[in-house]
Amino acid sequence: MPEEMKTTCTTCGGATSGYKCDMCGEESQAHDENHKCGGDHCVRKCAGCSEAETNCTC
């Protein structure tokens with residue numbers, strides 16, 4: 001499924017809200033392929049714990 005269409009956290013399955021870098025924590029409303037830590041680190045932000053989905057603590 002394309003990144004833009006995903007609406008659930010890949011870790012806990014809950015809702016997501018925007019994007020967050022799993023390295024530096026920078027947040028954005030849209031995926032940033034040119035993020036300073038690398039586009040692959042700009043991932044969906046879990047709405048439950050407000051962490052990047054790869055760092056989800058739910």
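Numbers for residues simply follow the sequence, beginning at 1.
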>> Between Cys24 and His35, is the side chain to side chain contact (heavy atoms under 4.5 Å, CB included) condition met? List the steps.
In response: CA-CA 10 Å; Cys24 72; His35 177 65; 3.5 Å; yes

>> Would you compute the distance between atom CG of Asp40 and atom CG of Asp22 and round it to the nearest 0.5 angstrom?
In response: 7.5 Å

>> I'd like to know whether Cys42 forms a side chain to side chain contact (heavy atoms under 4.5 Å, CB included) with Cys21, so could you lay out the CA-CA distance, the side-chain angles of the two residues, the decisive distance to 0.1 Å, and finally the verdict.
In response: CA-CA 4 Å; Cys42 181; Cys21 177; 5.6 Å; no

>> The test is side chain to side chain contact (heavy atoms under 4.5 Å, CB included); show your working for Cys9 and Cys58 and say whether it passes.
In response: CA-CA 10 Å; Cys9 176; Cys58 291; over 6 Å; no

> Under the side chain to side chain donor-acceptor pair (under 3.5 Å) test, which residues partner Lys20, sequence neighbours left out?
Replying inline: none

>> Which residue is it: Thr10, Asn55, Thr54, Thr16? I am looking for the one with a side chain to side chain contact (heavy atoms under 4.5 Å, CB included) to Val43.
In response: Thr54

>> Between Lys45 and Glu53, does any side-chain N to carboxylate O distance fall below 4.0 Å?
In response: no

> What is the distance from atom OH of Tyr19 to atom CD of Glu27, rounded to the nearest 0.5 Å?
Replying inline: 13.5 Å

> Between His31 and Glu33, is any side-chain donor less than 3.5 angstrom from a side-chain acceptor?
Replying inline: yes

> What's the spacing between Thr7 OG1 and Arg44 CZ if we round to 0.5 Å?
Replying inline: 7.0 Å

> What pairs with Glu26 under salt bridge (charged side-chain N to carboxylate O under 4.0 Å, His left out), at least two apart in sequence or on another chain?
Replying inline: Lys36

